[in-house]
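Encoded as structure tokens, the structure appears first; notes follow it.
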Amino acid sequence: MDLLQLDNISVAYDQQYILKDFNLSIEKGHLISLLGPSGCGKTTTLRLIAGFLEATDGKFSFGGQDYTRVPINKRNFGFVFQSYALFPHMSVFDNIAFGLRQRKVKEDEIKKRVMNMLDVVSLSGFEKRFPQALSGGQRQRVAIARALVIEPDLLLFDEPLSNLDANLRVNMRVEIRRIQQELGITTVYVSHDQEECFSISDRVAVMNKGIIEQLDKPSVIFQYPKSEFVARFIGFNNFIDFQQREDEGAFHNLRSGDYQFHAAKVPGMPVSMKGAIRPDDIIAGTLQEIQPGDNVLTGKVKVSTYLGRSYQYVVVTPLGEFTVNKEMQQPYLSGQEIRLLFPSEKLVLVE
Amino acid sequence: MKNKNPGLALFTFLVYVFLLGPLVIIAVTSFEPGTVLKFPPTGFSLRWYKNIFEVDMFMSTFKTSILVSLLGNLIAILLGIPAAYALNRASFKGKETLNALFLSPLLIPGIVLGFTLLKYVVITFHIPVYAALLIGHTVIMLPFIIRVIGSSLAGFDFAIEEAALSLGSSRLSTFFKVVLPNIKSGIIASVLLAFLESFNNVDISLFMTGPGVSTLPIQMLTYVENYFDPTIAAISVLLMLITAGFMFLIERLLGLTYFTKQ
């Protein structure tokens, strides 16, 4: 039974739909990420769940109850903001205690729970400080503690790490995942950073223009994007349009122009006329190294760039340009003829 | 920047003389022992300062002025804080128009505003003089309140209010527990500024005062029409001191840079 369910939710401003007939369900204890470019509706979805805005249409149920019209301050959800949103006139202790005081918890109980929470977020000893005297990472941990101490039924994160620098981001997302798993709290996490979402989530929902394009385990999305949008968003930069397809045995046999390709069949994946592959998954080689045949294209190196661990080439072939990464000591020269091999288990069909 | 330009220094000096010269002259002449305002003074005496407290009109109009400014301030704050909050946080049709409307007393010449209030509000609705004075002063204080508190609110992250709501606080309690403590300095500054504006106001009061009810600046105007003794200079010095005291307070509380921000 799902803990949270959005049924045909629509949100509109001035006749302009941001979400239309949107559906999402979340299992208890899971961390689910909403991932997408800005304007895709992920923050709207989160704010709708939180209760900051109301659906124009549809139903939001939580734990079997209708929450569609429950006001925000009666929902018992914890929300962590991108800007931390700490109360500037209160100490760390009072910030964290705020939610408990609203709930009329006794002072000695508050003290116990706040101190315990400070321990969970590794900020013991900071209770008398004011937010201005904390670093960005510390502020965000106070914000997380403040949201957690009320023992929320659901925890919501709105791009919580965007204002932190790169190293701290990695540490903090590990922290968030640790705390979330320790407390077993159901969490919705919004971000535009795919690495961040993939690393901490049980499920990722990739969103575009107000709909979920794909909702799956991170490892599944990473290997098998269902649509061209998802594929592009997670780094499948190469696409091939096919004109013919035969589904035979374990493979799709595809033809584009004079070239024959095979792609491995994957259960549950779309069957279409468009193939996608990552720059890392194409194997590049000299004319001697790779022989012509199926799943092979010959092309000329147009641009070569150095990525540190590998070189990246843009190769012009009869089927268009492809981007390829290859680890090597001596790079190919511009204008050199090379062959590209598209491994059949890495070439996926997308809608 | 160490730019020693003698021409510029002289120019700056002249500007200061122009600005402060009249104030110095008034301050000096207020100590004149004779019965006629003279510069330079013929001696030193505190006689006219004593006179202020002996003239009933000054004392009673001073009380009226204080009362009207304080009461008007209170009304303006009660109207102004919700107005500033709504103009800042809510989005609704006609918001820009309303914003302009609230600030219009700053833009319209006081004399026009005073006359309009008198002709179309006070006379039409037969409002008693005291109430009329209060209304007029509330109107001129409102823009200061809305402006200054508005800029305080603009600098206050809306997400902080949302955080309080998500933690179970109601909208009203969020306003008192979270918003108000964070715009406190803006409120104090707006109150002090509005008070000065009201206390020193002449143009609106001119139309709103009537038989038996007058404010101190209006009384001073009436006084100089009849007498030439240095009492007015002495009062002016006291008013300057009050104003300076207020500005000092504001500077202490917020720093004067508060008003040049944005």
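Each chain gets a letter, A, B and so on, in the order the sequences are listed, and its residues count up from 1. Owing to the predicted nature of the structure, the values given are computational and were not obtained by experimental measurement.
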Nearest non-hydrogen partners of A159(B) and S83(A), listed with the distance: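 That closest heavy-atom pairing would be CB-OG, 3.8 Å.
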Residues of residues 40-53 of chain A with any heavy atom under 4.5 Å of a heavy atom in chain B: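 R47(A), F52(A), listed by number.
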Measuring heavy-atom distances to chain B, does [X] have an atom under 4.5 Å in its side chain, in its backbone, in both, or in neither?
{"X": "F77(A)", "result": "backbone"}
{"X": "I150(A)", "result": "side chain"}
{"X": "R101(A)", "result": "neither"}
{"X": "L86(A)", "result": "backbone"}

Taking [atom1] in [X] as the centre, count heavy atoms belonging to other residues, nucleotides or ligands within less than 6.0 Å. Is the count above 12?
{"X": "R103(A)", "atom1": "CZ", "answer": "yes"}
{"X": "F92(B)", "atom1": "CZ", "answer": "yes"}
{"X": "F115(B)", "atom1": "CZ", "answer": "no"}
{"X": "R147(B)", "atom1": "CZ", "answer": "no"}
{"X": "Q16(A)", "atom1": "CD", "answer": "no"}
{"X": "K95(B)", "atom1": "NZ", "answer": "yes"}

Contacts with chain A made by residues 175-182 of chain B (heavy-atom distance under 4.5 Å), listed by residue number: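 Residues in range: K177(B), V178(B), P181(B), N182(B).
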Side chain, backbone, both or neither of F158(B) within contact of chain A (heavy atoms, under 4.5 Å): neither
Candidate list S173(B), S170(B), S166(B), test side-chain contact (heavy atoms from CB on, under 4.5 Å), partner N73(A), passing option: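 Answer to the side-chain contact (heavy atoms from CB on, under 4.5 Å) test with N73(A) among S173(B), S170(B), S166(B): S170(B).
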Gap between atom CD of Q102(A) and atom CG of L165(B) - 0.5 Å precision: 9.5 Å
Interface residue of largest heavy-atom contact number with chain B, from V149(A), I72(A), N76(A), D158(A), under 4.5 Å: I72(A)
Options K74(A), R146(A), Q82(A), ranked by heavy-atom pairs under 4.5 Å with chain B, top entry: R146(A)
